[in-house]
Amino acid sequence: PYSGMFPGHVAGLYTREECHIDLGRLAGWAKIRMIHAEAAGIDSENKMLLLKGGRPPVPFDVLSVNIGSSPVLLDGVGGG
């Protein structure tokens, strides 16, 4: 789910389905490259995104780092 919509879901403004966004489809529509990986750092001087796991650095012109979140529901709250 998109964490930015979670408060609206709790308030009853959005359904569970409305809170889920197909990021691959969105990236394709925007004609951008989406990389789902853990970052190790940003080399701003050379405009390189450093990734963990032995993956090669990724050059960038514009970089959006989205950390996201994974809400945890307690028993009895929100059907959990």
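Atom set for the values below is all heavy atoms of this structure, side chains included, hydrogens, waters and symmetry mates excluded.
Considering CG of Asn46 and CZ of Phe60, their distance stands at 9.5 Å, rounded to 0.5 Å. Going from atom CG of Leu49 over to atom CG of Asp43 covers 10.0 Å, rounded to the nearest 0.5 Å.
The main-chain N or O of Lys47 is never found under 3.5 Å from a side-chain atom of Ser44 such that the two would form a donor-acceptor pair.
The shortest non-hydrogen separation linking His9 to Cys19 is CB-SG, 3.6 Å. For Arg55 against Ile35, the heavy-atom pair with the smallest separation is NH2-CG2, 3.9 Å. Scanning all heavy atoms of the two residues, the minimum distance from Met5 to Glu18 falls at CE-O, 3.4 Å. Nearest approach of Leu51 to Ala39, heavy atoms of both residues: CD2-CA, 4.2 Å. The two residues Pro57 and Met48 make their nearest non-hydrogen contact at CB-CE, 3.4 Å.
In the hydrophobic clustering of this structure, Leu23 does not group with Ile32; members are Ile, Leu, Val, Met, Phe, Trp, Tyr whose side-chain heavy atoms approach within less than 4.5 Å, directly or through other members.
Shown here is Tyr14, whose OH atom has no more than 12 heavy atoms of other residues, nucleotides or ligands within 6.0 Å.
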(message) Could you go through Ile42 and Leu50, starting from their C-alpha distance and side-chain angles, then the distance that decides it, and tell me whether this counts as side chain to side chain contact (heavy atoms under 4.5 Å, CB included)?
(response) CA-CA 6 Å; Ile42 299 172; Leu50 310 175; over 6 Å; no
(request) Please test Val58 against Arg33 for side chain to side chain contact (heavy atoms under 4.5 Å, CB included), starting from the C-alpha separation and ending with a verdict. (result) CA-CA 11 Å; Val58 178; Arg33 181 177 176 192; 4.0 Å; yes
